[in-house]
A.B. asks: 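Below are the structure tokens for one structure; questions will follow.
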2 protein chains.
Amino acid sequence: MPAKRKPAPATAEHAPLQLEHFLPYRLSILSNTISQAIADDYQRRYDLSMTEWRVMAVLGRFEGLSAREVAERTAMDKVAVSRALSRLVEAGRVNRDIHDGDKRRSVLSLTEAGWAMHDEVAPMARARERAVLARLDAEERVWLERILDKLQAGNGGRATANRD
Amino acid sequence: MPAKRKPAPATAEHAPLQLEHFLPYRLSILSNTISQAIADDYQRRYDLSMTEWRVMAVLGRFEGLSAREVAERTAMDKVAVSRALSRLVEAGRVNRDIHDGDKRRSVLSLTEAGWAMHDEVAPMARARERAVLARLDAEERVWLERILDKLQAGNGGRATANRD
DNA sequence: TCGTTATAGTTACAAATGAAACCAATTGCA
DNA sequence: TGCAATTGGTTTCATTTGTAACTATAACGA
């Protein structure tokens with residue numbers, strides 16, 4: 001019995017998938033690896049989940065969003081956003097006010113503590129992104145950008161993101 | 001109050017992330033969208049989870065793997081594999097035998113029913129992949145291949161896949 | 001202006017996932 | 001040999017996540 005046994009392919013007529021060359025699989029691995037690396041930077045240190053960070057990131061970019069708008073921008077569903085927000089508000093990282101003309105809507109923003117954390121985590125995330133892109137040369141980066149644009153254009157509307 | 005309110009960027013000094021241009025985020029959305037589309041093809045129809053399908057896919061490609069080898073090839077952790085296998089064996093889709101020289105190891109293969117299902121699902125997955133790649137021209141596909149190779153090369157070994 | 005329908009958000013419950021402890025068989029080595 | 005360390009795999013428990021139902025407010029139409 002050899003040490004690194006590579007079992008022979010199954011019977012020919014079945015045409016099995018070769019996961020290692022299957023685009024959806026490769027994307028999944030790559031995406032999860034990167035997202036997890038970023039998450040590792042802050043999860044324990046700040047007791048912050050990925051969903052929570054994602055919410056904070058959009059609130060850093062756009063102040064005064066409602067929960068639903070946060071859900072749209074993060075591609076999370078509203079329940080996930082609700083849960084993330086209740087933890088963030090609890091932890092004093094996000095302010096939740098009520099919309100003037102509509103008592104159902106919340107008006108969300110980062111607190112001072114929230115901003116402080118944001119300003120530490122955002123650079124770490126950016127650094128990870130740079131580390132990934134550093135594996136590509138300038139030409140490849142341009143193509144990647146273009147390819148992602150085209151691939152995303154095809155997705156009707158349905159989309160969810162789990163990690164970042 | 002305009003219909004499609006786009007809140008103004010937060011104060012300048014904070015340098016928030018622009019998720020819509022942030023590579024990890026874009027990859028996450030894209031990957032989850034594609035994986036979910038594939039999963040939608042079989043989840044309800046066959047009462048098959050994504051992890052279960054992933055296990056079946058590698059067993060379709062390599063017969064006689066042990067559970068640990070399946071875990072390696074699917075980038076799932078061994079607990080997830082164990083759970084998927086117990087359901088698959090239960091459902092009569094996978095045979096679990098015991099290795100001759102090592103009573104701890106299992107020797108896994110698809111049953112006839114397992115193969116039948118495999119032969120229906122694999123083409124659907126491939127069709128989805130084709131649909132995605134169809135959005136690119138030949139040159140872009142070549143670059144994508146190359147870029148994925150380089151990006152994946154950078155990942156030490158740690159990697160997990162959730163969806164496919 | 002009343003009743004229906006739609007929207008924002010939360011709650012409750014079930015299913016999926018992750019981490020650690022665990023069992024059994026095997027290996028390594030004194 | 002014999003016993004500690006390792007490996008393959010499962011079980012258990014806590015946490016996370018997804019889905020559906022629910023509350024409250026607002027919008028719409030007769």
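Residue numbers start from 1 in every chain, and the chains themselves are labelled A, B, ... in the order their sequence lines are given, proteins ahead of strands.
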A.B. asks: Start with the C-alpha gap between A:E140 and B:R146, add the side-chain angles, then the distance that decides, and say whether side-chain contact (heavy atoms from CB on, under 4.5 Å) holds.
C.D. replies: CA-CA 9 Å; A:E140 288 161 344; B:R146 169 173 173 168; 2.7 Å; yes
A.B. asks: Not counting sequence neighbours, which residues clear side chain to side chain donor-acceptor pair (under 3.5 Å) with B:R126? List them please.
C.D. replies: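 With neighbours one apart ignored, the set is empty.
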A.B. asks: Should the pair B:R141-B:E145 be classified as a salt bridge under the 4.0 Å nitrogen-to-oxygen rule?
C.D. replies: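 No, no charged N to carboxylate O under 4.0 Å.
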A.B. asks: State which of D:dG9, D:dA26, C:dT10 makes the closest approach to the side chain of B:A67.
C.D. replies: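 Comparing D:dG9, D:dA26, C:dT10 against the side chain of B:A67, the answer is D:dG9.
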A.B. asks: Take the protein atom NE2 of A:H99 and the nucleotide atom C1' of D:dA24, then report the distance between them rounded to whole Å.
C.D. replies: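 To the nearest whole Å, that distance equals 16 Å.
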A.B. asks: Taking the side chain from A:S35 and the backbone from A:N32, do they hold a donor-acceptor pair closer than 3.5 Å?
C.D. replies: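 Checked: no pair found.
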A.B. asks: Can you list everything that forms a side chain to side chain donor-acceptor pair (under 3.5 Å) with B:Q43? Sequence neighbours excluded, please.
C.D. replies: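 Not a single residue meets the side chain to side chain donor-acceptor pair (under 3.5 Å) criterion with B:Q43.
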A.B. asks: Assigning hydrophobic clusters by single linkage (Ile, Leu, Val, Met, Phe, Trp, Tyr; side-chain heavy-atom cutoff under 4.5 Å), is A:V89 placed with A:V121?
C.D. replies: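 Looking at the clustering, A:V121 is in the same group as A:V89.
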A.B. asks: Without hydrogens or angle criteria, can the side chains of B:E120 and B:Y46 be said to hold a donor-acceptor pair below 3.5 Å?
C.D. replies: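 On atom types as modelled, these side chains qualify, holding a pair under 3.5 Å.
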A.B. asks: List in chain and number order the residues that pass side chain to side chain donor-acceptor pair (under 3.5 Å) with B:D97, two or more places apart in sequence or in another chain; answer none if no residue qualifies.
C.D. replies: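 None.
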A.B. asks: Please determine whether a side-chain nitrogen of the Lys or Arg among A:E69 and A:R105 lies less than 4.0 Å from a carboxylate oxygen of the Asp or Glu.
C.D. replies: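 Yes.
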A.B. asks: Regarding B:S49, tell me which of base, sugar-phosphate or nothing describes its non-hydrogen contacts under 4.0 Å with the strands shown.
C.D. replies: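 The answer is nothing, as B:S49 stays clear of every strand by at least 4.0 Å.
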A.B. asks: What does the list of N/O pairs under 3.5 Å between the protein and nucleotides 20-22 of chain C look like, with a distance for each?
C.D. replies:
none

A.B. asks: Within 45 degrees of the axis of the six-membered ring of B:Y25 and under 6.0 Å from its centre: does A:R54 put its NZ or CZ there?
C.D. replies: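 Because its charged atom misses either the 6.0 Å distance or the 45° angle limit, A:R54 does not stack over B:Y25.
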A.B. asks: Tell me whether the side-chain N/O atoms of A:R105 come closer than 4.0 Å to OP1 or OP2 in D:dA24.
C.D. replies: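 Looking at the OP1 and OP2 atoms of D:dA24, neither is under 4.0 Å from any side-chain N or O of A:R105.
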A.B. asks: Separation of A:M50 atom CE from D:dT15 atom C1', in whole Å?
C.D. replies: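 For the pair A:M50 CE and D:dT15 C1', the rounded distance is 14 Å.
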A.B. asks: Could you check how far NZ of A:K103 sits from C1' of D:dA27, rounded to whole Å?
C.D. replies: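 In whole Å, D:dA27 C1' and A:K103 NZ are 15 Å from each other.
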A.B. asks: Atom CZ of B:R68 to atom P of C:dA25: distance rounded to whole Å?
C.D. replies: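 Rounded to the whole Å, the gap is 19 Å.
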A.B. asks: What is the separation between atom CG on B:D77 and atom P on D:dG8, rounded to the nearest whole Å?
C.D. replies: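 Taking atom P of D:dG8 as the reference, CG of B:D77 is at 14 Å.
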A.B. asks: So which one's nearest nucleotide on DNA chain D is more toward 5', A:D102 or A:A80?
C.D. replies: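 It is A:A80, whose closest nucleotide lies nearer the 5' terminus.
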A.B. asks: Rounding to a whole Å, what distance do you find between B:D97:CG and D:dG9:C1'?
C.D. replies: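 These atoms are roughly 16 Å apart.
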A.B. asks: Which sits closer to the 5' end of DNA chain D, A:D100 or B:S106, going by the nucleotide each is nearest to?
C.D. replies: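 Counting from the 5' end, the first nearest nucleotide belongs to B:S106.
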A.B. asks: According to a hydrophobic-cluster definition based on side-chain heavy atoms being under 4.5 Å apart (Ile, Leu, Val, Met, Phe, Trp, Tyr only), do B:V81 and B:V107 belong together?
C.D. replies: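 Looking at the clustering, B:V107 is in a separate group from B:V81.
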A.B. asks: Would you mind reading off the distance between B:M76 atom CE and C:dA19 atom C1', rounded to a whole angstrom?
C.D. replies: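 Nearest whole value for this atom pair: 16 Å.
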A.B. asks: Tell me, which of residues 81-92 of chain A have any heavy atom that sits under 4.0 Å from an atom in DNA chain C?
C.D. replies: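 Hits under 4.0 Å, by residue number: A:S82, A:R83.
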A.B. asks: Please report the distance, rounded to the nearest Å, between CZ in B:R96 and P in D:dG8.
C.D. replies: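 Rounded to the whole Å, the gap is 16 Å.
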A.B. asks: Ion pair present between A:R45 and A:D40, side-chain N to carboxylate O less than 4.0 angstrom?
C.D. replies: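 Result for this pair is no, no salt bridge flagged.
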A.B. asks: Dump every N/O contact between nucleotides 2-6 of chain C and the protein below 3.5 Å, one line per pair.
C.D. replies:
none

